[in-house]
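Reviewing the structure listed below.
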Amino acid sequence: MAGKDVETEATGNNQETVTHDPVATEPSLMSGTLESLSGLGEDGSSVGSDSEINGLTVRRTDKYGFLGGNQYSEGSEKEVRVDVARQREMKWLDMFKNWDKWIKHRFQKVKLRCRKGIPSSLRSTAWQLLSNSKELLEANKGKFEELEREQGEAKWLDIIEKDLHRQFPFHEMFASRGGHGQQDLYRILKAYTIYRPDEGYCQAQAPVAAVLLMHMPAEQAFWCLVQICEKYLPGYYSAGLEAIQLDGEIFFSLLRRTCPMAYRHLKKFKIDPILYMTEWFMCIFSRTLPWACVLRVWDMFFCEGVKIVFRVGLVLLKQVLGSVDKLRELQGMYETMERLRNISPDTIREDILVQEIITLPVTEALIERECSIQVRKWRESRGELTHQPGRRLHGTRPIYENKRRAALFYVWSSSACFFFFKPPSNPFCGSQTFTLSCYWNKPGGLHRPKEV
Amino acid sequence: MQNNHHKEHLYKILVIGDLGVGKTSIIKRYVHHNFSPNYRATIGVDFALKVLNWDQETVRLQLWDIAGQERFGNMTRVYYREAMGAFIVFDVTRPASFEAVTKWKEDLDSKLTLANGKHVATVLLANKCDQGRDVLTNNGIKMEQFCQENGFVGWYETSAKENINIDEAANCLVKHIMASENDMLQSEVPDTVTPQLEKDKGGTCSSCFRSQ
């Protein structure tokens, strides 16, 4: 039941040569090579050439599977005590047993436990439950295989293939060309373009998918990716990239409230939010923070939604641009951008970061209010938004409620005279919640049926 | 003589082109003098700074490494702002990336002009030339003619991996940027003295000589 642990998952991946895979038909994907490892040491990593013996890299990975690069952990983080870790695991296992009840009645407790950090042995299952992707998979048994059997559009496959070896090149799961990690990445990114041909593939989806693959098998990772793209961050990866630009405006406006000094500095040097927040938000900080922090952020993100992404960004800006001393060295656009693009991992302490994220007074309501203001401004200055993604759901609780409403509506409508409203059978609606919830959420629309 | 002549220039230079053509590698080679197969795909935009001693002057090049996927094209207006020059890169082993060159050039010219209304100096880079010259030889394109027709100030076959022609291409671009900067200064202040440009700085770029 528990997810594959990163540490054990990663072993032996290097030397493996894959001989057969029915999905990956491209020659470049057929065999694993160590080609890409030969250049370790680039990117400011501490890896020396002595890590290579007879062409095989024998360097030990850190506990997350990184061989080098700037997300390599030196192991200085203090570990949670064994008895505490064990106790946490027991608590999480207990929650898994009655998951829906916990979400319905004791969500605050779930949230608190996500903020404390999900035990690494249970992270995989927890993410799938928090995002409801587990249920989505169960409701769509065989769907992933079906998608895999389809050929896919050449224009997407071409781009995806070019990106396979460019995701976490210092993580041992993705370091070897054509290795397991890269093959699985290909499978789920390709499957997504077939699942949502209207969306296709966006380069920023690859790191997100890779993080998921570090924790779970391809099929699970696929449905988890679906939930992120459709429920948590709808429109982020769509053609036009309007949703991310809109969030950039929202973000900048929130910065004005939370850290006026940083806001004024960025404004002074005309540093548009999309210059620094695009990668942060689209990759959910997976390429920005030390790995221990990435995992803590993702734990909270799955539970509380995009609010966490906004908060992390605000905390980082506050940290980098939040005092006169710090701004003194950053007298220019380039200097500022350089600092924001390369936030030193040494300056980020996991516990302090999490504490600041938790205490920052930026609520869902505030984000939604700011969103409607920015949508209005967008319409005034740039015209109508061309892409209308589904409604953004702020984490586990709204996803759960949405699902319940949809289920109830379905029962109710199929027993009443709404026979024309057939359950969707098109591939865009992996879950029935998708279209129904939009209908249900219309103000002044249908009445909520009595719970049965 | 006083040191009044020691001028500093700061130029923002865009590096654009289809994804996977080697934009990041070219920049890393140029700025950090190395090459690695381990670069991550660029998401959004990245930056690097190169400082050159140019005659008696200092030239700072701010290189903007822009994500190649078409989708990010919606943000290019912000990325292009106030740039003075550009490299458009394609991969000599991939004809499609060459076909995209004109698209990138049009995007650039439609969103960015200099104060005098002219387009920014742009150099075309035929990258990965260590891997073959398929695009250049197979379809009979006359590169000089292509550059003239499409408003490139020059073109180079480059290899970030083997360090071929990257410095030369950059020198060519800088030379043209300085020339257009002088143009603009002259049109604003008629009695400005034009600093001399060294003719051989640009290496083997054919068009550079022509436009002098």
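Residue numbers begin at 1 in each chain, while the letters A, B, ... track the order of the sequences.
With rounding to the nearest 0.5 angstrom, the CZ atom of Phe47(B) is 11.5 Å from the OH atom of Tyr276(A). We find the NZ-CG distance between Lys162(A) and Asp18(B) to be 8.0 Å, quoted to the nearest 0.5 Å. Remark: Arg166(A) CZ to Ile43(B) CD1 distance equals 9.0 Å, nearest 0.5 Å.
Shown here for His165(A) and Pro37(B), the closest heavy-atom pair between the two residues is CD2-O, 4.0 Å. Between Tyr79(B) and Leu275(A), the closest heavy-atom pair is CD2-CD2, 3.5 Å. In terms of heavy-atom proximity, Arg81(B) sits nearest to Asp272(A) at NH2-OD2, 4.1 Å. Contact between Leu19(B) and Ile159(A) at its shortest, heavy atoms only, is CD1-CG2, 3.1 Å. Shortest non-hydrogen contact noted between Pro169(A) and Asn38(B) is CG-O, 2.9 Å. Contact between Gln69(B) and Tyr201(A) at its shortest, heavy atoms only, is NE2-O, 2.7 Å.
Around atom NZ of Lys161(B), no more than 12 heavy atoms belonging to other residues, nucleotides or ligands sit under 6.0 Å away. Arg382(A) CZ: more than 12 foreign heavy atoms inside a 6.0 Å radius.
Leu10(B) does not touch chain A: none of its heavy atoms, backbone or side chain, sits under 4.5 Å away. Neither the backbone nor the side chain of Glu70(B) comes within less than 4.5 Å of any heavy atom in chain A. When heavy atoms are compared at a cutoff of 4.5 Å, Glu279(A) approaches chain B by way of both its backbone and its side chain.
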Taking it one step at a time, do Ile244(A) and Met75(B) satisfy side chain to side chain contact (heavy atoms under 4.5 Å, CB included)? CA-CA 10 Å; Ile244(A) 188 73; Met75(B) 299 177 171; 3.4 Å; yes

Could you please spell out the steps behind the side chain to side chain contact (heavy atoms under 4.5 Å, CB included) verdict for Phe72(B) and Thr278(A)? CA-CA 10 Å; Phe72(B) 290 90; Thr278(A) 310; 4.1 Å; yes

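A distance-only check finds no donor-acceptor pair linking the side chain of Arg71(B) to the backbone of Leu241(A) [under 3.5 Å].
The most heavy-atom pairs under 4.5 Å with chain B, out of Gly200(A), Ala204(A), Gly240(A), Pro207(A), come from Gly240(A).
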